[in-house]
Amino acid sequence: MILQTTYMHRGAITQRVRSQLRSIVPRTLVATASYVGASKLPNSTNTHSFSTLTRTTSCRHYSKCAQAPVLIDRVTPKWMNAKQQFSTAAATKYSADDEIYDDRKSQRTMPRLQALRERLQVEKQDLQPSVNSLDNMSQALEEPMIDYSNSITNENILTDTHGRHHNYLRISLSERCNLRCQYCMPPEGVPLSPKSHLLTDEEIMRLVHLFVKNGVNKVRLTGGEPLLRPNLASLVGSISNALTMSDNLASDVNHSLVGITTNAMTLSRQIDDLVDAGMTSVNISLDTLRADRYLEITRRNGLDKVMRAIGDTISAFRRKYGDVRVGPNGTGGSRIKINCVVMKGFNDDELSDFVRMSDERFGGDIDMRFIEWMPFNDNGWNTSRFLSYKDMMDKISDEGLPLERIGDGPNDTTKWWRAQTNQDGKSRVGFITSMSEHFCSSCNRLRITADGKIKVCLFSSNEKEVSLRDIMRNHQHEDPKLQQEELGKVIYAAVQKKTEALGGHGNAEGIAKAADNRPMTLIGG
């Protein structure tokens with residue numbers, strides 16, 4: 001039943017009428033209708049308070065509500081005359097501009113009436129929490145409840161609701177990059193955070209110690225381009241010391257404790273210092289072996305610098321460890337991996353060249369990895385240029401390089417194979433199949449962005465990022481132990497919200513459509 005109630009001057013409704021109204025009209029309606037405004041007649045400063053505003057409301061009590069108009073019609077003739085005078089005056093005064101009249105009327109509404117309306121709105125929201133749509137209700141039910149109790153321990157702070165323990169931390173050191181790779185960012189670059197917003201070395205080490213204390217035994221430094229970070233060797237040394245002194249150290253002490261992912265443009269002049277400081281692995285991004293394509297992909301020259309850096313890195317690791325490969329007699333994986341993002345119709349005709357380069361040019365001292373092109377904000381991802389892992393394998397086999405499957409390591413993102421080249425080398429060929437055959441079920445990685453936010457999944461939306469930097473800076477005068485506990489609770493809460501796969505987007509098309517992530521250079525890979 002729809003009931004229309006005319007708000008009246010409070011002097012025109014007797015106590016008896018108000019009492020009868022309360023017995024047949026919903027309580028909140030009468031509470032609002034019982035007061036309208038001032039007692040002065042039209043032409044005074046409060047004549048607007050005689051407004052005949054009409055409120056429509058739904059009522060379940062049909063038989064009682066039907067009587068309300070009868071009671072309202074029993075008001076005295078004096079009220080009706082006053083109402084008529086006001087209506088005439090108001091119509092004359094505001095007929096020229098009804099919008100101005102409505103605006104002034106709403107601005108001059110009496111405070112008590114306005115307060116009652118706001119209270120009604122709040123009560124309405126309280127009575128109907130999260131039921132605006134079934135989607136919102138479903139999402140609320142699906143999100144895990146976060147327990148901030150004292151039961152949080154070192155054993156579970158980095159374990160998510162799917163039972164995955166995260167012992168691998170990737171830290172972005174810079175948003176800046178000296179290349180403009182097509183799959184990473186637009187040609188004009190991306191908006192960068194002010195330097196003051198980026199984590200300092202001290203803040204990075206505070207986070208490293210906290211994560212190491214809670215089970216992390218491997219750290220990789222990324223960017224942007226991490227080699228652009230000042231005093232990088234010193235920071236590498238500090239991280240290496242934190243890891244080697246930890247009880248969480250992996251049994252293979254010399255394998256992948258502190259790694260770096262770089263475009264290698266300036267690696268040659270830094271590699272010796274980095275290795276001496278404790279760096280144990282290097283991943284180099286290289287998407288073509290042709291100078292013209294390198295310029296097209298990266299929008300910069302520099303292929304010769306990268307190739308020289310690969311050789312210099314092999315020499316530095318051999319000097320430090322005696323062999324570039326880990327494991328007994330150098331039979332394990334290489335400390336140097338070349339990462340190639342493959343795009344259909346652009347560099348997919350070079351796959352065999354990369355495989356042969358590993359053995360023929362570098363003597364089997366490097367491992368080659370082909371990466372499926374992944375969608376990130378502003379990188380132009382589309383299905384027409386996407387090449388799957390199986391299509392890559394077919395191309396390599398069709399060009400006379402049969403592939404033999406070999407074992408993968410724990411939590412490995414790479415499916416490893418060995419190619420039968422003329423050199424009978426030791427190089428491994430790997431495929432990172434993030435889109436066609438994701439490996440989310442065994443994910444053990446967490447990321448810290450250059451501006452200090454924890455990102456629990458490479459494909460998760462910006463809204464799920466939490467700033468650890470702000471906690472450290474806003475509580476820097478507190479007891480360090482209390483601050484570490486606060487950081488631990490925030491990290492725990494973030495990890496608990498990690499989705500089962502692909503940031504909750506379902507597949508590559510879902511990630512591209514959502515477009516709620518950062519560009520790759522602002523994430524840190």
Side-chain angles (χ1 to χ4, degrees), residues 168-179 195 198-209 211-212 216-246 249-250 252-286 298 300 302-326 330 333-339 362-363 365-367 448 450 521 524-525:
Y168 183 6
L169 182 64
R170 302 174 70 95
I171 304 174
S172 176
L173 300 183
S174 174
E175 294 180 346
R176 295 186 301 124
C177 187
N178 44 8
L179 299 181
K195 184 177 179 181
L198 305 182
L199 290 177
T200 64
D201 287 358
E202 179 185 359
E203 289 168 338
I204 289 175
M205 288 310 305
R206 289 168 68 183
L207 292 177
V208 167
H209 284 296
F211 277 93
V212 169
V216 164
N217 55 25
K218 181 177 179 180
V219 174
R220 179 163 295 277
L221 305 177
T222 67
E225 175 48 51
L227 293 179
L228 298 179
R229 178 89 177 196
N231 304 315
L232 178 58
S234 176
L235 182 59
V236 167
S238 298
I239 296 173
S240 178
N241 290 336
L243 287 168
T244 54
M245 295 174 62
S246 169
L249 189 64
D252 50 346
V253 63
N254 291 322
H255 178 49
S256 298
L257 288 178
V258 183
I260 190 171
T261 297
T262 172
N263 59 37
M265 290 287 285
T266 63
L267 181 59
S268 289
R269 62 173 178 258
Q270 298 189 52
I271 186 61
D272 287 330
D273 291 339
L274 293 175
V275 171
D276 289 340
M279 179 168 292
T280 57
S281 68
V282 175
N283 293 349
I284 296 176
S285 301
L286 179 62
T298 67
R300 300 288 189 275
L303 177 60
D304 56 336
K305 295 180 180 179
V306 178
M307 300 303 289
R308 182 170 62 253
I310 295 174
D312 292 341
T313 304
I314 291 174
S315 299
F317 280 131
R318 183 170 284 121
R319 172 182 59 81
K320 175 78 172 182
Y321 300 107
D323 202 317
V324 181
R325 291 190 173 273
V326 299
S334 175
R335 298 179 184 276
I336 306 169
K337 296 179 178 64
I338 308 300
N339 292 337
F362 296 110
D365 285 329
I366 64 174
D367 288 339
I448 304 295
T521 189

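Sequential numbering from 1 along the given sequence is applied to the chain's residues.
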A.B. asks: Under 3.5 Å, is there a donor-acceptor pair linking the side chains of N263 and E225?
C.D. replies: yes
A.B. asks: Minimum heavy-atom separation for L243 and L257, please, with both atom names.
C.D. replies: CD1-O, 3.3 Å
A.B. asks: With a 3.5 Å cut-off and no angle check, do the side chains of S281 and R220 form a donor-acceptor pair?
C.D. replies: yes
A.B. asks: Are I284 and I366 close enough that some pair of their side-chain heavy atoms sits under 4.5 Å apart?
C.D. replies: no
A.B. asks: Looking only at heavy atoms, what is the nearest atom pair of V236 and G278, with distance?
C.D. replies: CG1-C, 4.1 Å
A.B. asks: If you look at every heavy atom in Q270 and L227, which pair is closest and at what distance?
C.D. replies: NE2-O, 3.3 Å
A.B. asks: Evaluate the side-chain proximity of I204 to L173: yes if any heavy-atom separation is below 4.5 Å, no if none is.
C.D. replies: yes
A.B. asks: Rounded to the nearest 0.5 Å, how far apart are CG of D201 and OG of S234?
C.D. replies: 7.0 Å
A.B. asks: Tell me, with the steps shown, if M245 and V212 meet side chain to side chain contact (heavy atoms under 4.5 Å, CB included).
C.D. replies: CA-CA 10 Å; M245 295 174 62; V212 169; over 6 Å; no
A.B. asks: Give me the atom names and distance for the closest heavy-atom approach of R335 to T280.
C.D. replies: NH1-O, 3.2 Å
A.B. asks: State, to 0.1 Å, how close R325 and D365 come at their nearest heavy-atom pair, and which atoms those are.
C.D. replies: NH2-C, 4.3 Å
A.B. asks: Are the side chains of F211 and V219 in contact, using a 4.5 Å heavy-atom criterion?
C.D. replies: no
A.B. asks: Between A316 and I271, what is the shortest heavy-atom contact and its length?
C.D. replies: CB-CG1, 3.9 Å
A.B. asks: Check whether any side-chain heavy atom of P226 lies under 4.5 Å from a side-chain heavy atom of T261, and answer yes or no.
C.D. replies: no
A.B. asks: Output the distance between atom CD1 (I448) and atom CD (E203), rounded to the nearest 0.5 Å.
C.D. replies: 12.0 Å
A.B. asks: Could you grab the distance from atom CD1 of I171 to atom CG of L235, nearest 0.5 Å is fine?
C.D. replies: 7.5 Å
A.B. asks: Is any side-chain heavy atom of V282 less than 4.5 Å from a side-chain heavy atom of F317?
C.D. replies: yes
A.B. asks: Side-chain contact, heavy-atom cut-off 4.5 Å: R319 with D272?
C.D. replies: yes
A.B. asks: For S246 and A242, indicate whether the former's side chain and the latter's backbone hold a donor-acceptor pair under 3.5 Å.
C.D. replies: no
A.B. asks: Any salt bridge between D312 and K305, counting N to O under 4.0 Å?
C.D. replies: no
A.B. asks: Side-chain contact, heavy-atom cut-off 4.5 Å: M205 with V208?
C.D. replies: yes
A.B. asks: Nearest 0.5 angstrom please: F362 CZ to I310 CD1, how far?
C.D. replies: 4.0 Å
A.B. asks: Would you give the length of the straight line joining atom CG of L198 to atom OG of S172, rounded to the nearest 0.5 angstrom?
C.D. replies: 8.5 Å
A.B. asks: Show your working on side chain to side chain contact (heavy atoms under 4.5 Å, CB included) between L199 and L207 and close with a plain yes or no.
C.D. replies: CA-CA 10 Å; L199 290 177; L207 292 177; 4.0 Å; yes
A.B. asks: Between atom CG of L274 and atom CG of L267, what is the distance when rounded to the nearest 0.5 Å?
C.D. replies: 7.0 Å
